[in-house]
Amino acid sequence: MALKVLCDFDGTITKVDTADAIFSRFAAPAWHDIEALWEAGEIGSAECMRRQMELVDASLPEIEEALDTLEIDPTFPAFNDYCAARGIELIIVSDGVGYFIKRILQRAGLQKLPVRANRLIQRGQRRFSLGHPHKVQDCASGAGTCKCARAAAEGAYCRTVLIGDGRSDFCVAHEADIVFAKKSLLRYTTDQGILAFEYSTFADVQAVFETLLPVPQPNLTFLNTSINASA
């Protein structure tokens, strides 16, 4: 059976949350209050992100200039090449902003990677909102990109691997066949008794893949082998 990797972006591929970086620089201070409502469970993440984006006062070139200062994990391009060489499909599934993600990927020469994320809508020269092409009505977390729904759609005929770091990955961690976790996702998987491989960089992820998939060839079956993992 084929293998498909569903990878978070903010804080996973990037070193910081890209939306938070933009809000910190260009949004009215009330974006923190909206964040607090989301953290308290009073609003879903789709509403949270949309309301925060509507507080941004910046031109698109100003936003792009800020995005161009944000760094990705330097080991991610090699991991992408590793997956491509072995016929493993790598998809970015994010509850962040697709335009931000694609801008950063393009700068890194990774613009061909498929991205499932929220859509940036320009309302004026310095005003924006968000659309949610991957939202589903019954998403448990009210996400703009329902990762559980994406996992079900993307992984219908293959085994799925989740690579993530935060709250937007909690629900889908129960659905993925294999989980790589750090930060709050690692704490969550530990608390929930979900088997997860701890990682810091994509070099760590690739090292696990190399243990389980030693021979580069397409359509490999992911071996469900017991190795050192954090539970």
(Q) Let's go through V56 and M53 carefully: what are the C-alpha distance in whole Å and the side-chain angles of both, what is the deciding distance for side-chain contact (heavy atoms from CB on, under 4.5 Å) to 0.1 Å, and is it a yes or a no? (A) CA-CA 5 Å; V56 168; M53 197 69 227; 3.9 Å; yes
I'd like to know if the side chain of [X] and the backbone of [Y] have a donor-acceptor N/O pair within less than 3.5 Å.
X	Y	result
D10	T18	yes
D95	G144	yes
T75	F202	yes
T69	A66	yes
D177	T160	yes
Q52	W31	yes
D191	Y188	no
R116	S94	no
K147	A173	no

Q.
Walk me through whether I178 and F197 qualify under side-chain contact (heavy atoms from CB on, under 4.5 Å).
A. CA-CA 8 Å; I178 303 293; F197 297 104; 3.7 Å; yes
Q: Kindly assign one of parallel, tilted or perpendicular to the pair Y199 and F180, based on the angle between their ring planes and the thresholds 30° and 60°.
A: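 Because their plane-to-plane angle is over 60°, the rings of Y199 and F180 count as perpendicular.
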Could you grab the distance from atom [atom1] of [X] to atom [atom2] of [Y], nearest 0.5 Å is fine?
X	Y	atom1	atom2	value
L3	R86	CG	CZ	12.0 Å
E89	L113	CD	CG	10.0 Å
E210	Q206	CD	CD	4.5 Å
E39	R167	CD	CZ	7.0 Å
H134	R119	NE2	CZ	10.0 Å

Q) Charged N to carboxylate O below 4.0 Å: is that the case for E62 and R25? A)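 Not counted as a salt bridge, because no side-chain N and carboxylate O are separated by less than 4.0 Å.
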Over all heavy atoms of both residues, which pair between [X] and [Y] is shortest? Give the atoms and the distance, please.
X	Y	value
S45	W38	CB-NE1, 3.5 Å
G96	A117	O-CB, 3.7 Å
A143	K135	O-CG, 3.5 Å
T12	K182	O-NZ, 3.8 Å
D73	S200	OD2-O, 4.5 Å
R123	S129	NE-CB, 3.7 Å

Is the closest side-chain heavy-atom distance between [X] and [Y] below 4.5 Å?
X	Y	answer
I63	Y99	no
I121	L130	no
V97	M49	yes
C146	Q137	no

Q: Let me know which of L162, D169, I13 forms a side chain to side chain contact (heavy atoms under 4.5 Å, CB included) with C7.
A: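 Checked L162, D169, I13 against C7; only one passes side chain to side chain contact (heavy atoms under 4.5 Å, CB included): I13.
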Q: Evaluate the criterion side-chain contact (heavy atoms from CB on, under 4.5 Å) for residue pair R150 and I91; output intermediate values, then yes/no.
A: CA-CA 10 Å; R150 293 314 312 167; I91 302 173; over 6 Å; no
Q. So, F9 versus F76, ring centres under 6.0 angstrom or not?
A.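 Between F76 and F9, which both carry aromatic rings, the centre distance is not below 6.0 Å.
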Q: Under the side-chain contact (heavy atoms from CB on, under 4.5 Å) rule, what do I34 and F23 come out as? Steps first, then yes or no, please.
A: CA-CA 11 Å; I34 298 170; F23 299 153; over 6 Å; no
Q. Do L55 and L37 belong to the same hydrophobic cluster, where Ile, Leu, Val, Met, Phe, Trp and Tyr are linked whenever their side-chain heavy atoms lie under 4.5 Å apart, directly or via other members?
A.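 Both belong to a single hydrophobic cluster.
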Could you list the donor-acceptor pairs under 3.5 angstrom formed by side chains in residues 100-111, with sequence neighbours left out?
unit_1 : atom_1 : unit_2 : atom_2 : d
R103   : NE     : D68    : OD1    : 3.1
R103   : NH2    : D68    : OD2    : 2.8
R107   : NH1    : L67    : O      : 3.1
R107   : NH2    : L70    : O      : 2.3

Q: Step through the shown structure and confirm whether more than 12 heavy atoms of other residues, nucleotides or ligands are within 6.0 Å of CD on Q192.
A: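 Above 12, so yes.
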